[in-house]
Amino acid sequence: MTDQTISAPVAARGGKRVNSPARVLLASLIGTTIEFFDFYVYATAAVLVFPTLFFPASDATTALLASFATFSIAFFARPFGAIVFGHFGDRIGRKATLVAALLTMGISTVVIGLLPTYAQIGVAAPALLALCRFGQGFGLGGEWGGAVLLATENAPEGKRSWYGMFPQLGAPVGLFLSSGFFWVLLHFMSQDDLLAWGWRLPFLASIVLIVMGLWVRLSITETPEFAEAVKKEERVSVPVVELFRNHKRSLFLGTFVALVTFVLFYICSAWLLSYNVKVRQIAFTDALLMQIYGSVVFGVAIPLAGKVADAVGRRPFLIVVTVLIGGFSFFLAPLMGGGEGSLYLFVTLGMFLMGLTYGVIGAALAAPFPTRVRYTGSSITFNFAGIFGASLAPYAATWLQQNHGLTHVGYYMGAAAVITLLCILASGREEV
């Protein structure tokens, strides 16, 4: 991928300017990297500083649960973002909508870095934090589906899973950058300075990433499949209405096909970070280092998933991976109850499986929907799955661990795997 390739799109299709593969894949990757960086910065802060700064009137456990409750708000906001941005993405195009989604997410993140704390303005502080968290989720609800379509609708025949995994790489890259940022802060400033002002830096640093993302996004052209839909006048007035009228089965199955993907990830990231710090009393820097390591394993598995799924088919690939996740759930308690090496083995297996399922889920969720409602359809299924699988995962796992032990956290993950497997089996070959 050379600089020349990225800066100059090739001319084809009757002399019209089209996107080079490098430009398409960079634009889809950089946007989701920014979005997930913003998202994970919040997740880390929800464990590290928000319980103290925004919920100080509670005991430690209650404050953590309250912080995780604001974390979950974004997942309930995401379907609204999916509907709104999906409408415009299916009506006016992928490019402009992706720019708007990026700005919505980015501005919400930067504002969090400027918020006064509970000590300064009282209960208004957590209320403003919740509002900004809603904005993050609203923007991400429109970002993911458009980024996946930008990649897959430009993909050559037989390479949809490979192209579709590039926006998915934004998740491990964003996790790596956000965890790394906090790791550096904890190494070079005191706890008092971190709570006083240092925690704001990762949120404010999002400005730099936003500018980079906008530069790439504004330089691309519309996807060929959407341009063809416009030419054939296939667009519909209200995509969400057609979606719920004619594609309810695909919406339902897609939501639960992605369920275990979300449960696995947020148990292996946000909840694991909290468990290591609050329960096992591991130093936060060491817990972050484990998360950084997990993001690398996660990132390595995603390209492997794209290649293998194109070779053997997404559906059989997802069936095998889901069965493996179900088996892995029985090892959660013994691995997490062991020593440091055992914990690292848990992260290695969990994040590798996460990369395998997440790498192909984007292409799988987009597959059942026609071009005219694909942005809305893929976005809504992904974000409905986020509500059922991710929004409550850190909260539910924390509650289960405290009240019933680690074994029941494993049961929770295993139940999600069973539901996902049943929905994959119920889907036809063309629906995944």
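Keep in mind it's a predicted model, so treat the numbers as computed, not measured.
A ring-centre distance under 6.0 Å is found for Phe265 and Phe298.
Inter-residue side-chain proximity for Leu204 and Val110 is flagged as met; some heavy-atom pair is nearer than 4.5 Å. Contact check for Trp271 versus Leu400: no side-chain heavy atoms found under the 4.5 Å cut-off. Counting heavy atoms from C-beta on, the side chains of Val297 and Val347 never come closer than 4.5 Å. Side-chain contact between Pro370 and His247 is present, with at least one heavy-atom pair separated by less than 4.5 Å. The shortest side-chain heavy-atom distance between Leu251 and Phe369 falls under the 4.5 Å cut-off. Side chains of Val41 and Phe181 form no contact here, defined as non-hydrogen atoms less than 4.5 Å apart. Side chains of Val323 and Leu421 form a contact here, defined as non-hydrogen atoms less than 4.5 Å apart. Taking the side chain as every heavy atom from C-beta outward, Phe284 and Leu273 approach each other to under 4.5 Å.
Evaluation of the side chain to side chain donor-acceptor pair (under 3.5 Å) rule for Asp310 yields Ser161 as partners, not counting sequence neighbours. Checked against side chain to side chain donor-acceptor pair (under 3.5 Å), Gln291 has the following partners two or more places apart in sequence or in another chain: Ser179.
Judged purely by atom type and a 3.5 angstrom limit, Thr420 uses its side chain to pair as donor or acceptor with the backbone of Val260. The closest donor-acceptor contact from the side chain of Arg133 to the backbone of Ala77 lies at 3.5 Å or more, if one exists at all. Of the possible donor and acceptor atoms, none in the side chain of Arg314 sits under 3.5 Å from a partner among the backbone N and O of Ile361. In this structure, the side chain of Asn383 engages the main chain of Gly141 through a donor-acceptor pair within 3.5 Å. Within the 3.5 Å criterion, the main-chain N or O of Thr376 finds no donor-acceptor partner in the side chain of Ser379. No donor-acceptor distance shorter than 3.5 angstrom exists from the side chain of Arg78 to the backbone of Phe382, with no hydrogens or angles considered.
A perpendicular orientation is assigned to the rings of Phe54 and Trp199, their planes being inclined by more than 60° (bins at 30° and 60°).
A side-chain hydrogen bond (donor to acceptor under 3.5 Å, both in side chains) check over residues 251-267, counting only residues at least two apart or in different chains, returns the pairs Thr261-Thr357. Here side-chain hydrogen bond (donor to acceptor under 3.5 Å, both in side chains) pairs that include residues 337-349, with residues two or more places apart or in two chains, are Tyr293-Thr348. Pairs of residues two or more places apart, or lying in two chains, that qualify as ring pair (Phe, Tyr, Trp, His ring centres under 6.0 Å) and include a residue from residues 305-335 are Phe328-Phe346.
Across all non-hydrogen atoms, the minimal contact from Pro303 to Trp162 is O-CZ3, 3.5 Å. The two residues Gly359 and Ala305 come nearest to each other via the heavy atoms CA-CB, 4.2 Å. Residues Ala366 and Ser378 approach most closely at CA-CB, 3.9 Å, considering heavy atoms. Contact detail for Met413 and Leu332: the closest heavy-atom pair is CE-CD1, 3.6 Å. Of all heavy-atom pairs between Cys132 and Val111, the closest is SG-CG1, 3.5 Å. In plain terms, the two heavy atoms of Ile210 and Leu103 that are nearest each other are CG2-CD2, 4.3 Å.
The CE atom of Met290 sits 14.5 Å away from the CH2 atom of Trp183 when rounded to the nearest 0.5 Å. Rounded to the nearest 0.5 Å, atoms OG (Ser269) and CG (Leu264) are 9.0 Å apart. Here Tyr275 contributes atom OH and Arg280 contributes atom CZ; the two are 5.5 Å apart, rounded to the nearest 0.5 Å. For the atom pair CE (Met212) and CG (Leu102), the distance works out to 11.5 Å, reported to the nearest 0.5 Å. With rounding to the nearest 0.5 angstrom, the CD1 atom of Ile107 is 10.0 Å from the OG atom of Ser206. Considering CG of Leu140 and CD of Gln136, their distance stands at 8.5 Å, rounded to 0.5 Å.
Other residues, nucleotides and ligands contribute only 12 or fewer heavy atoms inside 6.0 Å of the CZ atom of Phe80. Around atom NZ of Lys278, more than 12 heavy atoms belonging to other residues, nucleotides or ligands sit under 6.0 Å away.
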Checklist line | Test log, rule ring pair (Phe, Tyr, Trp, His ring centres under 6.0 Å), inputs Phe388 and Phe384 | finding: CA-CA 7 Å; Phe388 292 107; Phe384 275 0; 7.1 Å; no
Next item on the list: Please test Phe85 against Tyr375 for ring pair (Phe, Tyr, Trp, His ring centres under 6.0 Å), starting from the C-alpha separation and ending with a verdict.
Entry: CA-CA 8 Å; Phe85 288 112; Tyr375 197 133; 8.1 Å; no
Under 3.5 Å donor-acceptor pairs involving side-chain atoms of residues 163-177, not counting sequence neighbours:
| unit_1 | atom_1 | unit_2 | atom_2 | d |
| --- | --- | --- | --- | --- |
| Gln168 | OE1 | Trp144 | NE1 | 2.8 |
| Gln168 | NE2 | Tyr358 | O | 2.7 |

